[in-house]
Amino acid sequence: MGRRKLLTLATFNVNGIGTRLGHLLAWLEREQPDVVALQELKATDEAFPVDALEAAGYGALWHGQRSWNGVALLGRGVVPQESRRGLPGEPADRQSRYLEAAVHGILVGALYLPNGNPQPGPKFDYKLRWMRRLARHAAGLVDLPHPVVLMGDFNVIPTDGDVYDAKAWRKDALIQPEVRAAYEDLLAQGWTDALHAHCGDAAPYTFWDYFRQHAERDRGLRIDHLLLNRALAPRLVEAGVDRWVRLQQKASDHAPTWIRIAAATPAKRARKQARAAATPDKPGAPARTARRNPSA
DNA sequence: ATGTCATCAACTTGATGA
């Protein structure tokens with residue numbers, strides 16, 4: 001049997017695409033991920049650096065917002081094929097937090113879940129509502145025959161093993177029992193938390209705040225997650241966090257969090273095509289016409 | 001309880017979000 005081809009999928013909260021463009025480009029150059037979800041662009045659609053990313057070999061799809069939020073999807077050598085922007089269920093919600101597209105044969109839901117602080121309060125209520133909307137939408141994706149990943153900054157510390165000091169964070173929205181329960185309910189649909197599945201209790205942190213040299217001392221949180229649906233989970237090969245990005249000067253407070261998955265085997269592709277032919281009206285099937293980026 | 005960093009809207013500083 002020959003060496004299997006791998007795909008790298010990563011999520012990175014850049015905390016401002018304008019301030020962090022240099023960090024992002026250096027990381028893309030070094031790690032060459034195939035699919036990337038970005039959060040906290042903090043930039044309008046007009047300010048998104050599409051030219052610099054294209055020059056780096058990445059096609060992009062983005063949903064910006066002035067000052068806050070903002071999400072994007074990058075495809076190495078391809079432009080992601082959009083299937084949805086924004087979660088259903090709250091039409092008045094104008095915050096740019098969800099973008100979904102087909103990239104390299106995977107349906108990717110890229111998300112920036114509300115932080116929810118201070119808690120309790122209206123922002124925490126919004127977070128819980130947003131999690132319910134996400135769960136409702138995710139329920140329609142978990143059993144698709146097609147590979148699906150939900151990845152991004154979930155702003156959820158799943159267990160006390162995912163924080164350097166649970167007591168120090170006990171009043172924070174990221175650790176509240178209601179938030180953890182909502183995350184557990186989502187996993188119970190059949191999603192696999194890829195870093196936990198691969199690393200167990202030794203799963204690395206993905207975020208370190210700017211206080212007291214927490215990054216250098218590895219006093220962090222695991223809040224950036226990649227959830228795999230039933231079709232994709234068996235293909236998980238490796239998972240990790242590029243902590244070196246966080247240790248640079250003027251870094252984002254998050255580090256890129258990634259998985260490697262095996263490319264679909266010819267046999268699996270054939271079965272998948274047979275299933276697709278049997279159910280032609282299933283939602284979420286990716287466009288097979290992703291445009292090649294000429295610069296790649 | 002504190003700590004840091006970036007942005008915005010007012011104008012060198014303070015409120016806000018994370």
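Numbered from 1 within each chain, the chains take letters A, B, ... in sequence-line order.
A donor-acceptor pair is defined here as one N or O able to donate and one able to accept, closer than 3.5 Å; such a pair exists between the side chain of A:R97 and the backbone of A:Y112.
In terms of position along DNA chain B, the nucleotide closest to A:K171 lies nearer the 5' end than the nucleotide closest to the other residue of the pair A:K171 and A:Q95. Take the nearest nucleotide of DNA chain B for A:N13 and for A:G18: the residue whose nucleotide is more 5' is A:G18.
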Contacts table for residues 131-140 of chain A: side-chain donor-acceptor under 3.5 angstrom, sequence neighbours left out:
unit_1	atom_1	unit_2	atom_2	d
A:R133	NE	A:P88	O	3.1
A:R133	NH1	A:D93	OD2	2.8
A:R133	NH2	A:L87	O	2.8
A:H137	NE2	A:E100	OE1	2.8

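If you take atom P in B:dC11 and the same atom in B:dC5, they sit 27 Å apart, rounded to whole Å. Rounded to the nearest Å, the gap between the C1' atom of B:dC8 and that of B:dG3 is 22 Å. Taking the P atom of each, B:dG17 and B:dT12 are spaced 23 Å apart, rounded to whole Å. To the nearest whole angstrom, the two P atoms, one in B:dA6 and one in B:dA10, are 23 Å apart.
As a whole-Å value, the separation of A:H214 NE2 from B:dT4 P is 11 Å. If you take CG of A:N15 and P of B:dA18, they are 11 Å apart, rounded to a whole angstrom. For the pair A:Q119 CD and B:dG17 P, the computed distance is 16 Å after rounding to whole Å. Between the CG atom of A:D209 and the P atom of B:dC5 there is a distance of 10 Å, rounded to whole Å. Distance CD (A:E216) to P (B:dT4): 13 Å, rounded to an integer number of Å. In this structure, the CG atom of A:N115 is 16 Å from the P atom of B:dT16, given to the nearest Å. Distance A:I17 CD1 to B:dT7 P: 13 Å, rounded to the nearest Å. Rounded to whole angstrom, the span from the CG atom of A:D253 across to the C1' atom of B:dA6 amounts to 10 Å.
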Give me, pair by pair, the N or O atoms of the protein and of nucleotides 8-13 of chain B that are less than 3.5 Å apart, along with how far apart they are.
unit_1	atom_1	unit_2	atom_2	d
B:dC8	OP1	A:S67	OG	2.9
B:dA9	OP1	A:R66	NH2	3.4
B:dA9	OP2	A:R66	NH2	2.8

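Taking only side-chain atoms of A:R20, from C-beta outward, the nucleotide of B:dA18, B:dT4, B:dA6 with the closest atom is B:dA6.
Note on A:Y210 and A:L247: separate hydrophobic clusters, where clusters join Ile, Leu, Val, Met, Phe, Trp and Tyr whose side-chain heavy atoms are under 4.5 Å apart, directly or indirectly.
One finds no side-chain N or O of A:T19 lying less than 4.0 angstrom from the OP1 or OP2 phosphate oxygen of B:dC5. A:K250 has no side-chain polar atom (N or O) that falls below the 4.0 Å cut-off from OP1 or OP2 of B:dC5.
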For this session: Please lay out, stage by stage, how A:D160 and A:K167 fare under the test salt bridge (charged side-chain N to carboxylate O under 4.0 Å, His left out).
Result: CA-CA 9 Å; A:D160 284 356; A:K167 267 185 9 197; over 6 Å; no
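Applying the salt bridge (charged side-chain N to carboxylate O under 4.0 Å, His left out) rule to pairs touching residues 115-129 of chain A yields A:E90-A:R129, sequence neighbours excluded.
Remark: A:E29 CD is loosely packed, at most 12 non-hydrogen atoms of other residues, nucleotides or ligands lying under 6.0 Å away.
Salt bridge annotation for A:R230-A:D143: present, with a cationic side-chain nitrogen under 4.0 angstrom from a carboxylate oxygen.
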